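Remarks on the structure that follows.
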Amino acid sequence: MRGRLRRLVLGATALFTAASALPAAAATTGQRAEQHPSRDGMSAVIRYTEYGIPHILAKNYADLGFGTGWAQAADEVCTLADGFVTLRGERSRYFGADAPAGGDLSAARTNLASDLYFRGVRESRTVEKLLAERAPVGPSRAVRNMMRGWAAGYNAWLKQKKVTDPACAEASWVGPVTELDVAARGLAIASISGEGRFVETITAARPPAGGTAAAGTRSARTPGAKAVAKAADELWGDPGMGSNAVAFRGDTTANGHGLLLGNPHYPWDGGRRFWQSQQTIPGELNVSGGSLLGTPAISIGFNAHVAWSHTVSTGVPANLHQLTLDPADPTTYLVDGRPERMKKRTVTVAVKDGAPVTRTQWWTRYGPVVTSLSSQVPLPWTGRTAYALNDPNAANLRFADTSLGFSKARSTSDVLASLDRHQGIPWVNTIAADRAGHSLFTQSQVLPRITDDVAGRCSTELGRTTYPASGIAILDGSRGDCALGSDPGAVVPGIFGPARMPTLKDAPYAENSNGTAWMTNPDRPLTGYERVFGTVGTQLGLRTRGAVADVAAMADRGGLTVRDLQRQQFANRVPAGDLAAGDVARACAALPGGTATGSDGKTVDVSGACGVLKEWDRTMDTGSRGALLFDRFWRRLEQAVPADRLWKVAFSATDPVRTPNTLDTEAPGFPTALADAVAELRGAGMALDAPLGAHQFVVRDGQRLPVPGGAGRLGVWNVIEPTWDAAGGGYTEVPFGSSHLQAVGWDGSRCPVARTLLTYSQSSNPKSPHSADQTRLFSEKKWVTSRFCEKDILSSPKLKVVRVHERH
């Protein structure tokens, strides 16, 4: 066995060494190899190191995709297969029409709504049309080959291996996939914040009964502008996706090289998980990082020269057009007085133990007709008016090429060049640093080309409130002069060109915690961008305030190293606690008789809480005593006290990081929130000064693992949004939070200095040895030392080399 392993290692090393000796022009040879693949089929060498991290070595992009598809299937076959069932519109067939859809690839609540939408996308041949476009509108040859290879690798694993994950072992819905399936997954990820948020209303929209203006207006009610603005803000302020990232310029670091800390906040379960790997084509590509499941390229990562991460942006990725309908036909709308018929998309979905369901969707030149922003805010389709959604990411297959450009970049300038060429980033900012000491922030993303001028000229009455309040434009769809037009340099019409993107180059630090581009660096505020990108001069979230304060202090101190980034990730400081805990403790001690009245009208002795909050260390470390009490109190306080009554010192745009401040402990609701928090913990048998880790944990392999970190509403960098189950012991699972962590820098060697951590571990299969190993590290605030260079990979004590190939 050891002899065979040695031969595989030597063979892989020989392949790497021989190809690495080629000049840069080897890319041309690689392209020729792509055009004339070996008749032996696709193959790759996978070297596994500690924690099951695969280092995939291949001769070309097709083989690289093959190795990636194989390795992802080995770790996540059930999660991936479930996603392909979604994309084919077959969830109702296998799992029932009324069952929850899961939310991995859209916001559909039921399988039926999910199937109606995704089967409609499939039957409209949207993906095929995009695949047929020439790059950069469509995928490049390299990305096409990676997608083709990924599908082949996934299928080869299914053919050659046995599924052991109990989630889908022997399941009839696990089967082979195609390049089309892989591309469809990429499109679903791109549009998840646009059409993906509206699946329920797209599939449920119906013209008014009777087919006339009179019939369609009797029961319709016009939504209030403030309600629409609030619903839009909640829709695109979804806590289901978030992140922090910071890049430091070379003059703030110990050696003049840049530094990058990436901390994306994503689901811990399901199809939006990250998965770690290194991808290498000798002489062509060498990159390490995290990929979103089912995608062939690295989404967030680093190479020998540059590192990058993403944060969910404040840009609103879709807009609405208010349609003026033909009074005689509510499925015909008018543009400059000329009628256009809506297109019917009739879809039939197979249903488990039931008859097939057939429904019709209605599409316009702008996009699908929708009838609500939320269950509370309808957008009625009457005999005179309807609303259509415009989502430019519903035709965006450019994300993979943009990411591949990052993977091959040698500088932050190359990162920008990839963004400018491909324009494929759908709903995130990009933060990057490089070996030469440059830093970068850019909100280069695909947004509808809503300029403030267009919004001013073309907003409907409703849109004149929603656009300034929330960034969602509602435009007059009856006017041809309100078309979104095209920017110079834009890859496709209707989106912004590269020159419009808020961008900050070479600041001492560039930080984002899902706030607007404005405060990326308070010493160099970004302004002048259109409202659809975000606001300027508005109150910052606590996480942004805490992060900016932290990284500004780090930059001022200077001499930074990767170790400083690691400390920042796990500092677990609570900005809300720093601002308010002292005031809470003093107000608590001043309560008459040490009691307060809870929301149920009962008197609660809160005196024991006063000292606990006073002595609390203001962190969410697993050993912090008082952290749980403050967390439960703060959640109730935010519900009980309006945001404009929470602080005595109001927000000031001239001092955005330090205001608002000074908690108003005299606000109605303050003593009630304290009483309720104390009563809740005591009722559950939890001591007020219990260490956080005793009641914030996950169970893996029958073992409780304490989880550090806290909620974003508290301002904690290391975001953990756990599930509260008082009867089960507190916060007993983490559905969402810190995910693929990376702290990256460079020294004088050819290898990057990188520490990584995949918080929920590499595999969802509970039978895998890598289903909880990195979660144990996360519990202990430990990191994985990246093995990027060949010498480090081959010296791993856990090295396992596997050559994977197709069998015909």
Side-chain angles (χ1 to χ4, degrees), residues 113 116-117 119-121 123-124 126 194-195 198-225 227-228 231 318-349 357-375 377-391 394 448 450 454-455 457-467 472-485 493-494:
L116 289 167
Y117 174 76
R119 182 161 286 276
V121 173
E123 293 179 357
S124 69
T126 301
E195 284 186 10
F198 287 84
V199 165
E200 290 283 340
T201 182
I202 290 171
T203 58
R206 300 286 180 274
T212 67
T217 56
R218 293 191 188 110
S219 61
R221 60 184 179 87
T222 302
V228 172
N319 73 283
L320 295 168
H321 293 264
Q322 183 173 315
L323 308 178
T324 298
L325 304 179
D326 183 335
D329 181 3
T331 63
T332 297
Y333 58 102
L334 306 177
V335 180
D336 293 334
R338 290 188 292 273
E340 290 189 21
R341 290 192 61 82
M342 296 178 185
K343 294 180 180 179
K344 294 175 66 173
R345 183 180 288 182
T346 301
V347 179
T348 299
V349 169
V357 174
T358 300
R359 298 276 172 80
T360 298
Q361 303 161 33
W362 299 88
W363 291 71
T364 71
R365 63 159 64 181
Y366 306 111
V369 175
V370 297
T371 55
S372 67
L373 272 178
S374 70
S375 57
V377 182
L379 297 170
W381 185 350
T382 72
R384 299 184 185 276
T385 301
Y387 296 86
L389 179 75
N390 169 48
D391 173 15
I450 308 292
V454 167
R457 289 188 298 106
C458 296
S459 287
T460 63
E461 182 180 354
L462 194 59
R464 283 192 286 274
T465 297
T466 61
Y467 183 71
I472 184 168
I474 304 177
L475 305 181
D476 186 347
S478 71
R479 293 168 49 188
D481 66 337
C482 291
L484 299 188

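What you are looking at is a predicted structure, and each value in this text was computed from that prediction instead of being measured. Computation of the quantities below employed the complete heavy-atom set of this structure, encompassing side-chain atoms and omitting hydrogens, waters and symmetry-equivalent molecules. FYI, the numbering just counts along the sequence from 1.
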### Query
Between Y467 and I450, is a side-chain contact (heavy atoms from CB on, under 4.5 Å) present by the stated rule, with each step listed?
CA-CA 10 Å; Y467 183 71; I450 308 292; 3.6 Å; yes

### Query
Say you draw a straight line from CZ of R384 to CD of Q322; how long is it, rounded to the nearest 0.5 Å?
13.0 Å

#### Entry: R359 CZ to I202 CD1 distance, which is reported to the nearest 0.5 Å
15.0 Å

### Task
Determine, stepwise, if the pair R119 / R345 fulfils side-chain contact (heavy atoms from CB on, under 4.5 Å).
CA-CA 10 Å; R119 182 161 286 276; R345 183 180 288 182; over 6 Å; no

### Task
Keeping the roles fixed (side chain from D326, backbone from T332), state whether a donor-acceptor pair exists under 3.5 Å.
no

## Note on the structure
Closest non-hydrogen atoms of G194 and D391, given as atom of the first, atom of the second and distance, are CA-OD2, 3.4 Å

### Query
In Å and rounded to the nearest 0.5 Å, what is the CZ to CG distance from R457 to L475?
9.5 Å

### Query
Where is the tightest heavy-atom contact between G120 and V347, given as atom of each residue plus distance?
CA-CG2, 3.7 Å

### Query
Taking T466 for the side chain and I472 for the main chain, is one N or O donor matched with an acceptor at less than 3.5 Å?
yes

### Message
To check you understand the geometry: which heavy-atom pair defines the closest contact between D336 and G480, and what is its length?
### Response
OD1-N, 2.9 Å

### Query
Under the side-chain contact (heavy atoms from CB on, under 4.5 Å) criterion, do T331 and K344 qualify, and how do the steps go?
CA-CA 9 Å; T331 63; K344 294 175 66 173; over 6 Å; no

### Message
Parallel, tilted or perpendicular: which one describes the rings of W362 and W381, with boundaries at 30° and 60°?
### Response
perpendicular

### Task
Heavy atoms only: give me the nearest P330-G383 pair and the separation to one decimal.
CB-CA, 4.5 Å

### Message
Measuring only between side-chain heavy atoms, which start at C-beta, is L334 closer than 4.5 Å to P339?
### Response
yes

### Rounded distance (nearest 0.5 Å) linking atom CD of E340 with atom OG of S478
11.5 Å

#### Entry: T203 (side chain) donor-acceptor with Y117 (main chain) under 3.5 angstrom
no

### Task
Taking all non-hydrogen atoms of both residues into account, name the closest pair between A394 and T126 and its distance.
O-CG2, 4.0 Å

### Message
Quick check for you: to the nearest 0.5 Å, what is the distance between M342 atom CE and R365 atom CZ?
### Response
12.5 Å

### Query
Do R479 and C458 come close enough that some side-chain heavy atom pair is under 4.5 Å?
yes

### Query
Rounded to the nearest 0.5 Å, what separation is found between the CG atom of L320 and the CD1 atom of I474?
5.5 Å

### Query
Between the side chain of E195 and the main-chain N/O of L389, is any donor-acceptor distance below 3.5 Å?
no

### Query
For the side-chain contact (heavy atoms from CB on, under 4.5 Å) test, which of L462, T201, T460, L323 pairs with Y387?
L462

### Task
Look only at the side chain of Y366 and the backbone of G477, and say whether a donor-acceptor pair between them is shorter than 3.5 Å.
yes

### Query
Where do P448 and L484 come nearest, in terms of heavy atoms and distance?
CB-CD1, 3.9 Å

